[in-house]
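Residue numbers begin at 1 in each chain, while the letters A, B, ... track the order of the sequences. From a predicted model like this one, the values you see are computed outputs, not experimental measurements.
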Number of protein chains: 2
Amino acid sequence: MQFDDKVPIYYQIKNHIYHEMMTGQLVAGAKLPAVRQLAVDLTVNVNTVQRALGEMIQEGTIESQRGKGNFVTTDTTRIAQLKEQLVVEQLERVYQQLHALNLSDDEIIASLKQYIEQRGQQHD
Amino acid sequence: MQFDDKVPIYYQIKNHIYHEMMTGQLVAGAKLPAVRQLAVDLTVNVNTVQRALGEMIQEGTIESQRGKGNFVTTDTTRIAQLKEQLVVEQLERVYQQLHALNLSDDEIIASLKQYIEQRGQQHD
DNA sequence: TATAGTGTAATAGTAAAATAGAACACTAGG
DNA sequence: CCTAGTGTTCTATTTTACTATTACACTATA
């Protein structure tokens with residue numbers, strides 16, 4: 001996996017797992033790969049994986065069972081809340097950043113539309 | 001100034017100065033505060049300021065004159081290009097992140113609109 | 001009960017970012 | 001020429017993220 005060196009790896013691992021939860025690669029109650037396997041897959045150290053998982057356990061996203069493995073929470077409401085929270089965090093950040101570049105509300109929306117339209121002509 | 005501990009301070013200082021350039025607090029050709037003064041203003045070490053400025057000098061955003069000070073480039077085209085680049089970088093990031101959370105193109109635009117509308121009812 | 005697979009924890013070492021402090025180089029003005 | 005204000009550079013130290021390695025704790029099962 002390739003990482004952005006501007007943000008901590010353990011933080012990017014969290015986002016990676018969120019991604020798999022939101023896209024259905026990891027459904028509610030599903031067992032995650034073993035921490036040592038994740039470390040190999042992501043080409044990082046076990047402790048770095050553990051740090052990411054530790055925070056997710058703290059926030060109730062995944063549940064740990066010693067000797068068995070780590071599992072996505074079965075609380076689907078919790079997962080839905082998490083997704084909403086992650087989306088809003090992204091929106092807040094981009095809004096703040098573009099606002100700081102002196103773009104108006106309308107310009108922010110327009111620039112995103114334009115970006116996605118142009119992107120659609122080149123990708124997918 | 002308050003910093004996000006998830007990203008290097010020198011990097012946030014660059015964004016801070018970009019912000020002032022884009023909002024007209026620092027016009028083309030304007031003299032920046034002395035590095036030691038900036039360090040005080042931002043409650044940060046001189047070397048950290050210098051690292052941020054060094055990168056901006058490299059990319060042609062500001063020009064350094066030993067003994068005189070640091071100045072915003074007079075090349076307004078360069079500044080306009082920079083703004084466009086910074087905007088696109090933000091759009092790319094938020095698009096990638098929201099796409100990773102399984103939002104469609106339309107959902108991404110809709111969620112941003114909704115966020116800005118709701119925000120407008122509470123702020124400014 | 002032995003063993004393999006799992007999570008957890010602790011120690012030690014490396015690298016990058018940031019800090020603190022000092023020194024050096026240049027400019028302008030008295 | 002001297003001095004104050006500026007950018008520039010250097011060394012040393014601290015902190016944080018990450019890595020490497022090992023050990024421990026628990027579970028399932030042959």
Side-chain angles (χ1 to χ4, degrees), chain A residues 1-18 20-21 26-75, chain B residues 1-18 20-21 25-74:
Chain A
M1 179 171 171
Q2 72 180 14
F3 295 102
D4 175 359
D5 62 1
K6 287 287 187 308
V7 33
I9 292 177
Y10 76 90
Y11 200 76
Q12 299 181 59
I13 292 176
K14 285 177 67 175
N15 281 321
H16 175 73
I17 298 176
Y18 287 145
E20 299 198 319
M21 288 175 59
L26 280 177
V27 299
K31 180 173 184 292
L32 276 68
V35 289
R36 289 171 183 80
Q37 186 58 48
L38 272 175
V40 172
D41 294 346
L42 303 173
T43 61
V44 297
N45 190 271
V46 177
N47 295 316
T48 309
V49 172
Q50 193 65 22
R51 173 158 186 183
L53 297 187
E55 291 195 1
M56 298 181 78
I57 291 167
Q58 283 299 317
E59 68 191 21
T61 303
I62 64 179
E63 291 163 7
S64 169
Q65 295 186 35
R66 201 186 188 97
K68 291 185 176 176
N70 291 306
F71 301 82
V72 177
T73 178
T74 54
D75 183 348
Chain B
M1 180 171 171
Q2 71 179 16
F3 296 100
D4 175 359
D5 64 359
K6 288 287 186 308
V7 33
I9 292 177
Y10 77 91
Y11 200 76
Q12 299 181 58
I13 292 176
K14 286 177 68 175
N15 280 322
H16 175 74
I17 298 176
Y18 287 146
E20 298 197 320
M21 290 173 59
Q25 295 168 61
L26 280 178
V27 299
K31 180 175 184 292
L32 274 70
V35 288
R36 290 172 183 77
Q37 186 59 46
L38 272 177
V40 171
D41 294 349
L42 303 173
T43 59
V44 132
N45 190 271
V46 177
N47 295 314
T48 309
V49 172
Q50 192 67 19
R51 172 154 188 188
L53 296 187
E55 291 195 0
M56 298 182 77
I57 291 167
Q58 284 300 316
E59 68 191 21
T61 305
I62 64 178
E63 291 163 7
S64 168
Q65 295 186 35
R66 201 187 187 99
K68 292 185 177 176
N70 292 306
F71 302 83
V72 176
T73 179
T74 54

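- The stretch residues 10-17 of chain A has no heavy atom under 4.0 angstrom from DNA chain C at all.
- Partners of A:S64 by side-chain hydrogen bond (donor to acceptor under 3.5 Å, both in side chains), not counting sequence neighbours, listed by chain and number: A:N70.
- For B:Q58, there are no side-chain hydrogen bond (donor to acceptor under 3.5 Å, both in side chains) partners at least two apart in sequence or on another chain.
- Take B:K68 and apply the side-chain contact (heavy atoms from CB on, under 4.5 Å) test, not counting sequence neighbours, and it matches B:Q65, B:F71.
- Under the side-chain hydrogen bond (donor to acceptor under 3.5 Å, both in side chains) criterion, B:N47 pairs with B:N45, not counting sequence neighbours.
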For residues 34-43 of chain B, please give each side-chain donor-acceptor pair under 3.5 Å, one per line with the distance, not counting sequence neighbours.
{"unit_1": "B:Q37", "atom_1": "NE2", "unit_2": "B:D41", "atom_2": "OD1", "d": "2.9"}

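- Residues meeting the salt bridge (Lys or Arg N to Asp or Glu O under 4.0 Å) test with B:E63, sequence neighbours left out: none.
- Listed by chain and number, the residues in a side-chain contact (heavy atoms from CB on, under 4.5 Å) with B:Q25 are B:H19, B:E20, B:T23 (sequence neighbours excluded).
- Contact annotation: the side chain of B:V27 never approaches that of B:V72 to less than 4.5 Å [non-hydrogen atoms, C-beta and beyond].
- Rounded to whole Å, the distance from CG on B:N45 to P on C:dG21 is 9 Å.
- With sequence neighbours left out, the salt bridge (Lys or Arg N to Asp or Glu O under 4.0 Å) criterion links A:E55 to A:K14.
- Close approach of DNA chain D to chain A, defined as any atom under 4.0 Å from a non-hydrogen atom of the protein, starts and stops at D:dA17 to D:dA28.
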Indicate for each nucleotide in nucleotides 7-12 of chain C, in 5' to 3' sequence, whether protein heavy atoms under 4.0 Å reach the base (B), only the sugar-phosphate (S), or nothing (-). BB-B--
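- Taking atom NZ of residue A:K6 and atom P of nucleotide C:dA16, one finds them 13 Å apart after rounding to whole Å.
- By the side-chain hydrogen bond (donor to acceptor under 3.5 Å, both in side chains) test, A:T48 pairs with no residue at all, sequence neighbours left out.
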